[in-house]
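When a residue number appears, it is its place in the shown sequence, counting from 1.
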Amino acid sequence: MSLIHLYDTTLRDGTQAEDVSFLVADKIRIAQQLDELGIHYIEGGWPGSNPKDISFFKEIKKARLKQVKIAAFGSTRRARSTPEKDANIRTLIQAEPDTVTIFGKTWDFHVHEALRISLEENLELINDSLAYLKQHVGEVIYDAEHFFDGYKANPEYALKTLKAAEDAGVDCIVLCDTNGGTLPHEIPPIMEKVQAEIGAALGIHAHNDSECAVANSLMAVQCGAVQVQGTINGFGERCGNANLCSIIPALKLKLQHDCVTDEQLANLRTVSRTIYEMANMIPRKHQPYVGNSAFAHKGGVHVSAIQRHPETYEHIRPELVGNVTRVLVSDLSGRSNILAKAEQFNINLDSKDPVTQEILENIKDLENKGFQFEGAEASFELLMRRALGTMRHFFSVIGFRVIDSKRHEDEKPQSEATVQVKVGGRIEHTAAEGNGPVNALDNALRKALGNFYPQLREVKLFDYKVRVLPAGKGTSSVTRVLIESGDKETRWGTVGVSDNIIDASYQALIDSFLYKLIRDYRAEG
Ligand SMILES: CC(=O)SCCNC(=O)CCNC(=O)[C@H](O)C(C)(C)COP(=O)(O)OP(=O)(O)OC[C@H]1O[C@@H](n2cnc3c(N)ncnc32)[C@H](O)[C@@H]1OP(=O)(O)O
Ligand SMILES: CC(=O)C(=O)O
């Protein structure tokens, strides 16, 4: 099938999203990642807007890029000016990009209300801005802002604006659903009318306010659009732009359009996560194709079937986009979930072994008490090993005591913990302070156990989540503590539940240390 040009605007429209901002160095790194991904155009910013974007266009010239074209973004000239004199148009040319993209008004309402000029003047400024840019830049793209709303309000005028752009010799006219209110069924009849009047190549730029940006973009491609604009992870103004992480696999795997290579597609999840990281945002777990949950199976019926054939509950093979199948364990599990996990943990377990049913019942009982194993796979592995009697005995905790004191109103509270552990025949009694009672207990346990197992000093606590379980008992409610720990190689999750928050934390901490010891012990063979 034909080549569809991927036009990424993460660095321009993406940064119009609340909470998203990139430094110039971040923008360069993202551009390199997008180039590796096989994106054809990167809209790097609006040089007429701020010094950071001017600097991006300078710096990007020094970066080694393989194939991507760098586009600079701006608007048609201001009214009562000329393209030569317009500061915004001058900065676009001075940025020396491969491509310039400018937006102009299509909707008569915007011409009257936002620009406050006549409809005729708007046609002139679209045409002369683009014609002038075409004399100075190799490739010029025209974003017809609010095209679908404009067409619905005044089709004749909307088409005249496109004609004004086409007459200026633009390389592509992009139909924008700027307010994101268009629904997929509206795209084909409007595009058909456009194609009857306009011969230029067409593109689509959709926003996600009706949650239809990806659907509208794919529909536009089906109707003949050859360029799709979007952003990685759907970042963008208000509810975001069309998400290229969903559009790219759909184009390639489902619509058989040439856009990126198989190897580039397999890098999609990495690019998505890197860009979340650079935006300092937590990746969206349930994001289609690239999210952690995109191929995570929880229901026992699903797990049983995917083990027979993955396609029973997976719309594509996850590795095609760099993702993996995951099996979750919860009170919705069946024996298949337990067996899948056993295989993942290298534990021999037979579906007919009564211990499989015992583990399943144990899980359901514990989840009913407030445990949650989806985010605590390490605790689940320990539970399995305990049930099978294959758990090595590393240590036992004889007891602990935690003291939290605040002696004066203006004094910081102090936390101290003492623990007594037994390893082999030896008993160790230690005390430690900490920033709060849980930290003090963590420090005391590490100090006591570290004498026997120095590798526990490598364990870092990455996340600590407390959830009060709804029992309506206020501060005496049951609490669940989920801990994410890790060392230099990997991370793992553990859980504890108790009506005492220190005890719940203690259970999760102990599971975390035990998991580390088991892993190291296994690695040593
Ligand atoms: C649909 C989109 O996403 S378009 C991109 C939107 N992105 C941004 O706005 C981010 C970057 N913007 C900026 O840095 C600033 O808004 C600037 C530098 C572009 C302009 O700043 P200012 O000159 O202070 O103007 P301000 O932002 O208040 O208002 C926008 C101006 O652009 C004009 N304008 C809006 N669209 C167009 C257009 N397509 N063609 C020409 N002028 C336009 C408005 O009429 C208004 O002009 P006026 O102040 O003379 O009435
Ligand atoms: C051009 C653009 O960003 C829009 O119309 O949404």
Side-chain angles (χ1 to χ4, degrees), residues 19 26 233 269-287 290-294 296 322-324 326-330 341 344-345 370-383 394-395 397 400 402 415 417 419 432-450 453-469 479-498 501-523:
D19 299 333
D26 295 338
N233 302 323
R269 181 175 141 91
T270 306
V271 174
S272 156
R273 295 182 84 78
T274 309
I275 292 174
Y276 273 121
E277 179 80 34
M278 315 237 347
N280 202 14
M281 287 170 95
I282 296 168
R284 191 154 56 90
K285 220 175 182 181
H286 302 280
Q287 189 169 324
V290 294
N292 272 354
S293 303
N323 212 338
V324 286
R326 291 170 58 230
V327 170
L328 307 175
V329 175
S330 73
K341 280 302 184 200
Q344 182 189 326
F345 302 150
F371 281 79
Q372 197 195 51
F373 289 94
E374 272 174 50
E377 290 205 344
S379 285
F380 178 62
E381 181 174 340
L382 297 177
L383 180 148
F394 290 98
F395 61 83
V397 179
F400 69 79
V402 180
S415 306
V419 299
E433 291 177 334
N435 290 329
V438 177
N439 183 239
L441 181 62
D442 183 19
N443 291 342
L445 283 167
R446 281 167 199 261
K447 204 163 149 189
L449 296 169
Y453 302 112
Q455 66 267 50
L456 291 182
R457 296 196 183 108
E458 293 165 17
V459 178
K460 286 200 171 63
L461 209 72
F462 287 102
D463 200 5
Y464 173 85
K465 281 197 206 111
V466 180
R467 172 90 194 263
V468 177
L469 301 172
T479 47
R480 173 170 64 224
V481 169
L482 278 167
I483 287 182
E484 192 186 355
S485 317
D487 57 16
K488 53 186 182 311
E489 272 159 25
T490 188
R491 292 190 182 198
W492 57 89
T494 53
V495 61
V497 172
S498 170
I501 189 171
I502 307 292
D503 185 41
S505 308
Y506 159 78
Q507 293 169 23
L509 279 171
I510 291 293
D511 268 10
S512 170
F513 294 149
L514 283 171
Y515 183 76
K516 163 75 175 161
L517 294 175
I518 287 201
R519 259 194 54 244
D520 286 7
Y521 180 70
R522 235 188 358 236

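For R467, there are no salt bridge (Lys or Arg N to Asp or Glu O under 4.0 Å) partners at least two apart in sequence or on another chain. Under the rule for a salt bridge (Lys or Arg N to Asp or Glu O under 4.0 Å), R457 has no partner lying at least two apart in sequence or in another chain. Taking the salt bridge (Lys or Arg N to Asp or Glu O under 4.0 Å) definition, one finds that K465 meets it with D463, sequence neighbours left out. Among residues two or more places apart in sequence or in another chain, the side chain to side chain contact (heavy atoms under 4.5 Å, CB included) test is passed with D26 by F22, L23, M278. Under the side-chain hydrogen bond (donor to acceptor under 3.5 Å, both in side chains) criterion, Q372 pairs with no residue at all, not counting sequence neighbours.
When the options R273, Q287, H286 are evaluated for a side chain to side chain contact (heavy atoms under 4.5 Å, CB included) with N292, the one that passes is R273.
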Extract all donor-acceptor atom pairs below 3.5 Å that involve side chains of residues 504-518 and protein atoms in other chains or at least two apart in sequence.
{"unit_1": "S505", "atom_1": "OG", "unit_2": "Y464", "atom_2": "OH", "d": "2.8"}
{"unit_1": "S505", "atom_1": "OG", "unit_2": "I501", "atom_2": "O", "d": "2.7"}
{"unit_1": "Q507", "atom_1": "OE1", "unit_2": "V497", "atom_2": "N", "d": "3.0"}
{"unit_1": "Q507", "atom_1": "NE2", "unit_2": "V497", "atom_2": "O", "d": "3.1"}
{"unit_1": "Q507", "atom_1": "NE2", "unit_2": "D503", "atom_2": "OD2", "d": "3.3"}
{"unit_1": "D511", "atom_1": "OD1", "unit_2": "R386", "atom_2": "NH2", "d": "3.3"}
{"unit_1": "D511", "atom_1": "OD2", "unit_2": "S379", "atom_2": "OG", "d": "2.7"}
{"unit_1": "S512", "atom_1": "OG", "unit_2": "S485", "atom_2": "OG", "d": "2.7"}
{"unit_1": "S512", "atom_1": "OG", "unit_2": "W492", "atom_2": "NE1", "d": "3.2"}
{"unit_1": "K516", "atom_1": "NZ", "unit_2": "E458", "atom_2": "OE1", "d": "2.9"}
{"unit_1": "K516", "atom_1": "NZ", "unit_2": "D487", "atom_2": "OD2", "d": "2.9"}
{"unit_1": "K516", "atom_1": "NZ", "unit_2": "D520", "atom_2": "OD2", "d": "3.1"}

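R480 places a side-chain N or O within donor-acceptor distance of the main-chain N or O of G370, the cut-off being under 3.5 Å. Using modelled atom types, one side-chain atom of T479 and one backbone atom of S498 make a donor-acceptor pair closer than 3.5 Å. R446 places a side-chain N or O within donor-acceptor distance of the main-chain N or O of V459, the cut-off being under 3.5 Å. A distance-only check finds a donor-acceptor pair linking the side chain of K341 to the backbone of V327 [under 3.5 Å].
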Test side-chain contact (heavy atoms from CB on, under 4.5 Å) applied to R519 and T490, step by step
CA-CA 10 Å; R519 259 194 54 244; T490 188; 3.3 Å; yes
Evaluation steps, salt bridge (charged side-chain N to carboxylate O under 4.0 Å, His left out), between R522 and E381:
CA-CA 13 Å; R522 235 188 358 236; E381 181 174 340; 2.8 Å; yes
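To the nearest 0.5 angstrom, L445 atom CG is 8.5 Å from F400 atom CZ. Here the OG1 atom belonging to T494 is positioned 15.0 Å from the CZ atom belonging to F380, to the nearest 0.5 angstrom.
Remark: F462 CZ is packed, more than 12 non-hydrogen atoms of other residues, nucleotides or ligands lying under 6.0 Å away.
Pairing each heavy atom of A444 with each of V419, the nearest pair is O-CG2, 3.6 Å.
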